[in-house]
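In what follows, a single structure is set out as structure tokens and then discussed.
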Amino acid sequence: MAYAAGVDVGSTQTKAVVIDESRKIVGRALIDTGANVTLAAENAFRLARAAGDLTEEEVEYVVGTGYGRYKVTFGNSQVTEISCHGRGAVQMFPNTRTVVDMGGQDTKAIRVATSGEILDFCMNDKCAAGTGRFLGAASAALGVPLDQLGPLALSGERPVKISTTCTVFAESEVLSWLGKGKKIQDILLGVHQSIALRSAALLRRVGIEEQVTFTGGVTRNIAMVETLNDKLGVKVNVSEDSHFMGALGAALFALDHILASRVAEHPGRGAA
Amino acid sequence: MNSETRPDAALVGRGNREGARLFREWFEVLTQAAEQGRGGAYVFVMGSLGELLRTFDLPLVFPEINSLQTAVRHVAHEYLNEAEDHGYSPDICGYVKADVATQMRSGVLPMGRIPKPAIAICTNACNTYIKWGEIWERMYGVPIVTLDVPGNRSAASRSGPGEPEFETDRRYVAAQIKEIIPLLERVSGVKFDIDRLRENMAHANTMNRCWKRVLELNRTRPAPFSALSDGTIYLGVANTQRGTAAGAAYFTDLVEEMAYKGREGIGTLSEEKYRLLFVGVPCYPIFRRFAEMFAEGGGTFVNSTYLWFASGGANTGFECRLDDPLEGLAEGLLVGVRDAMDSMFFHTQSLLEMYRDYDADGVIYHPIKSCRTVSTGLADSRRALMAAADVPSLYIESDMMDRRVVSEAQLKNRIDAFFEGLATRRRPPALETGGASQRT
């Protein structure tokens, strides 16, 4: 049995996934990236292998992805997170035609073919508005831990309008709403709606075709899922492994290499 | 043996070397004029009328080219900051701001010095040209002439010489050119000489004919030149030497070089994996690196809309009639500027043809913050192209001047993803995957 791995070094967290030849996830790991990107990649890979009870030698090929992909020094090759999220989403939800990936510092809208081929993509440019960082700013301004943002936002009834498109100024705007006596829940719901609106605009640029799959770290925020459903008018696919979608896609590309090399060594023997 | 078949390995790279030499010499002329206190004719790349202006011994100043050179030489931010400190908004054309700062520096540029304007000739091909001209008018009180060249505003209704609509427009343009001549005589103190104009136009005809041929020769696989990097050098000569014997000789030689490289299979990359088309204006602040990011993926640019519109329509290869130079000049200006405008605004059909003729693999759209004229509508153009045919395309944004809005890391990520998509298209079907992963 051959194993392939993907290591997704994101701006805030690093994810690693190990898959077997049947493309089943046998190990996964998630850690904070921190300042030492290479160390984070090594640690995530080690933890994912440990979860699958695998040695380093048993993993034949490793693909690095994410903004720190070139720092995955033990990796065999690199693939962008755009391709990896598309590939992973189609693997997890085969009817996926559009992917929205919301990470720490960027949001991507990706249109994919049934094969996982990237047909088009669009990302936020030079600005973190509409990304996970926007939630981080709200969390800091309101003193609410990140994992409580979603549940609190969903209890909001009268969402405020967040008009700024700048993450830094958003913090000031959040504080100004507090000063006007608005409830934290309503402010948070407004923040989530603002992000969902910007993400929907990105998706419209590539064309929204069902099914839509939501990937990235922000998928763990239930209010983000709900507001995105609301603004898009469709129910987005989310799984417990959505956070690992980039790493999964990278692992699938790694498996491609293993299978391709077998075909080269033994012509006539196809993919598993 | 004609010029396209002479074997000579020394031809390789001659266009770039000679282009650099001509550029230096052009700037030496400008610097000399500035130091002598002589005024120049300020003109733009879309409709310069260089053939006519040279008959009055006016040195030609191309503010667009001067400004982009500050970006290529990594000093644009100094000029932009000065103009912004003076009150110009970060949101307006970077070329304009770099020129404003240049004027405030008495014409000093990294390449030399430019003279003050004695006159400026604008066209309506770019709306910013007109407002730009007004700045010089306020600064120096010099005459600013805006040529109103009737555009089509619809690629489908393009008319040509001999057709009634075109002839009406030609007469309108000819009347404007004739009106300028007394003004040019007054500004320059030189009497108009129609035979000099005829001679300059003959050189410009040669340049147009050769420029069209050079572009055609890049259909060869591998492409003999990069439409993005090498092409911009050729474009500089096409503009600054328009209507000169040196320009005509340069482009005649360039045809010879490209034919030789094509025949010998000499391309710009060691392995040309993907042939690309470029739409928009180059990213001058990281000019070399921008091209490298594509070369790293095995991509080379085989043609671009920039080589069309920034040559003022010389890509059409149109040759003006010389028996009646002023009417011929009007005809050439109308054909050229119209084509330049179409290349900016109505290029979907042309791109489809270019995609086919150049056996391209993808189209790169590069809208820029500084130039709304050329960038607005590119998203629609791309959608139209993708609706018309299965053409892979990439949409990346940066700027032609302002490095503050150029993020190399973001560009690289998108470019890499684009190449991954192209590679996926070529991947053997046996390696496609399906089915869902299971959580264990």
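Just so you know, these numbers come straight off a predicted model, no measurement behind them. Computed from heavy atoms alone, side chains included, the values below leave out hydrogens, waters and symmetry copies.
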About how many Å separate [atom2] of [Y] and [atom1] of [X], when rounded to the nearest 0.5 Å?
X	Y	atom1	atom2	result
B:Arg414	A:Cys122	CZ	SG	8.0 Å
A:Glu81	B:Asn413	CD	CG	4.0 Å
B:Thr424	A:Leu119	OG1	CG	10.0 Å

Q) Is B:Asp416 salt-bridged to A:Arg69, going by a charged N under 4.0 Å from an acidic O? A)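 Salt bridge between B:Asp416 and A:Arg69, a charged N being under 4.0 Å from a carboxylate O: yes.
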Q) Regarding B:Gln410 and A:Asp106, is there a side-chain donor-to-acceptor distance under 3.5 Å anywhere? A)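 No.
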Q.
For A:Asp120 and B:Arg383: C-alpha separation, side-chain torsions, deciding distance, then whether salt bridge (Lys or Arg N to Asp or Glu O under 4.0 Å) applies.
A. CA-CA 11 Å; A:Asp120 197 7; B:Arg383 254 190 296 274; over 6 Å; no
Q: Taking atom NZ of A:Lys71 as the centre, report whether more than 12 heavy atoms of other residues, nucleotides or ligands fall under 6.0 Å from it.
A: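 Counting neighbours around NZ of A:Lys71, 12 or fewer heavy atoms of other residues, nucleotides or ligands fall under 6.0 Å, so no.
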Q: Answer yes or no: does atom CG of B:Asp380 have more than 12 heavy-atom neighbours from other residues, nucleotides or ligands under 6.0 Å?
A: yes
**Q.** Side-chain (B:Glu420) to main-chain (A:Thr80) donor-acceptor, under 3.5 angstrom
**A.**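 Indeed, once roles are kept as given, a pair shorter than 3.5 Å links the two residues.
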Q | Under 4.5 Å from any heavy atom of chain A - which part of B:Ile396 | A |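 Contact with chain A: none, neither part.
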(Q) On a heavy-atom basis, which atom in B:Phe418 and which in A:Phe121 lie closest, and how many Å separate them? (A) N-CE2, 4.3 Å
Q. Where is the tightest heavy-atom contact between B:Ala417 and A:Ser83, given as atom of each residue plus distance?
A. O-OG, 4.2 Å
